[in-house]
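Below is one structure, written out as structure tokens; comments come after it.
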Amino acid sequence: MSKEAQHSSTSIHMIRKGFATGFPIILGYLPVAITYGVLAKQAGMSLTELTLMSALVYAGASQFMAANMFAVGTGALEIIIATFVLNFRHFVMSLSFMNQLKKIKLKWKIPLALGLTDESFAVSAMNPKEANMKKGALFYGTIIACAYLSWVLGSLLGGLLGDIIPEKLSQSMGIALYAMFIGLLIPSIKQEKRVAMIAIVAMLINALFVQLGMSTGWAIVGGTIIGGLSGIYLLKEDRK
């Protein structure tokens, strides 16, 4: 077998392996993305807007939050700040992922980091040996591409269904927003009970700001930031 054919065979193998590994993410993303698309359409976003948000922002929990904030008339600045704060964890995930990809060239690392999500990070972290294999970047790239395309296409489909699904059904789908945040919160609480205190602080601050007349958007931003900052005190190691 020639060198070129060998390279091609290796590339195809890694792409197939990446697709097989990332397929469960597709199954998980599609129903959630469809739900986001329906809710965003019902919130007043156009099909183009909600699809572009998935393509450019690509952050599930933040998009659900943004759609909810958009529905209550929140301004763009509040949505952007809230999205930034909520996705701050990606700095840590990206650093960890880049450490795993030490032997992969920089031209691959940048697009891989941009496509990183909680799910693709978790799946990639469970398959570290591919980073040291020939064409390993294609393996991780395929996982991330599967997740990205399923999210964008699912959002588009949800947006199209938003005009067809009965209003009562679409309103009941709003529980997906709360289910997603609870799903993010519960595993952390299981590992560290004090995380629950941080969530409670954030909720109380948000409620207080709303009662003081602050807009819903800024109340969410304030609750998120102050709640997060409270973790510096609540999660610090006990000093002997």
E78: what forms a salt bridge (Lys or Arg N to Asp or Glu O under 4.0 Å) with it, not counting sequence neighbours?
none
Let me confirm one number: the CZ-OG distance from R194 to S230, rounded to the nearest 0.5 Å.
12.0 Å
Test of understanding: clusters of I, L, V, M, F, W, Y form through side-chain heavy atoms closer than 4.5 Å, transitively. Do Y233 and M197 belong to the same one?
yes
Between I81 and V210, is there shared hydrophobic-cluster membership here, with clusters defined by ILVMFWY side-chain heavy atoms closer than 4.5 Å?
no
Could you grab the distance from atom CH2 of W218 to atom CD1 of I225, nearest 0.5 Å is fine?
8.0 Å
Please examine the side chains of I226 and F209, heavy atoms only from C-beta on, and report whether any two atoms are closer than 4.5 Å.
yes
Side-chain heavy atoms nearer than 4.5 Å, only ILVMFWY residues, links allowed to pass through others: does that put L149 and I15 together?
yes
Got a sec, which residues hit ring pair (Phe, Tyr, Trp, His ring centres under 6.0 Å) with F121, two or more places apart in sequence or on another chain?
none
CE of M45 to CZ of F70: how many Å apart, nearest 0.5 Å?
6.0 Å
Could you measure the distance from the CG atom of L39 to the CD1 atom of I34? Nearest 0.5 Å is fine.
12.0 Å
Test your reading of the model: is there a side-chain donor-acceptor pair from S120 to the backbone of L116, 3.5 Å cut-off?
no
Considering all heavy atoms, the nearest Q42-G162 contact:
NE2-O, 2.6 Å
Just by modelled atom types, is the G159 backbone N or O under 3.5 Å from a matching donor or acceptor in the Y36 side chain?
no
What salt bridge (charged side-chain N to carboxylate O under 4.0 Å, His left out) pairs are there with at least one residue in residues 57-74, not counting sequence neighbours?
none
Sub-4.5 Å side-chain heavy-atom contact between V152 and L156
no
Counting distance only, does the side-chain N/O of Q211 pair as donor-acceptor with the main-chain N or O of A207 below 3.5 Å?
no
Which pairs would a plain distance check flag for residues 19-33, meaning a side-chain donor or acceptor within less than 3.5 Å of a matching protein atom at least two apart in sequence or in another chain?
residue, atom, partner, partner atom, Å
T21, OG1, K17, O, 2.8
Y29, OH, T117, OG1, 2.8
Y29, OH, E119, OE1, 2.5

Heavy-atom pair with the smallest gap, counting every atom of A125 and P128:
O-CD, 3.6 Å
In one Ile/Leu/Val/Met/Phe/Trp/Tyr side-chain cluster, 4.5 Å: L106, L114
yes
Could you tell me which residues satisfy ring pair (Phe, Tyr, Trp, His ring centres under 6.0 Å) with F97, sequence neighbours excluded, listed by chain and number?
Y140
With a 4.5 Å cut-off on side-chain heavy atoms, are Q63 and W151 touching?
yes
Distance col, row M98:CE vs M93:CE, nearest 0.5 angstrom, shows 11.0 Å
For residues M133 and I143: do they belong to one hydrophobic cluster (side chain heavy atoms under 4.5 Å, members Ile, Leu, Val, Met, Phe, Trp, Tyr)?
yes
Could you walk me through whether K41 and L160 pass the side chain to side chain contact (heavy atoms under 4.5 Å, CB included) check?
CA-CA 8 Å; K41 192 72 168 64; L160 292 171; over 6 Å; no
Strictly distance-based, threshold 3.5 Å: is any side-chain N or O of T51 a donor or acceptor partner for the main-chain N or O of T48?
no
Output for pair (D118 CG, H90 NE2), nearest 0.5 Å, gives 5.5 Å
Least distance between heavy atoms, I205 atom then G223 atom:
CG2-CA, 3.7 Å
Nearest heavy-atom neighbours spanning T10 and K134:
CG2-O, 3.7 Å
Is it the case that more than 12 heavy atoms not belonging to M214 sit under 6.0 Å from its CE atom?
yes
Heavy-atom closest contact (I104 atom, G136 atom, distance)
CD1-C, 4.2 Å
Closest non-hydrogen contact found for L101 with A131 is CD2-CB, 4.1 Å
Pairs where residues 101-113 contributes a residue and the test side-chain hydrogen bond (donor to acceptor under 3.5 Å, both in side chains) is met, not counting sequence neighbours
N99-K102
Indicate yes or no: at least one non-hydrogen side-chain atom of T142 is less than 4.5 angstrom from one of M14.
no
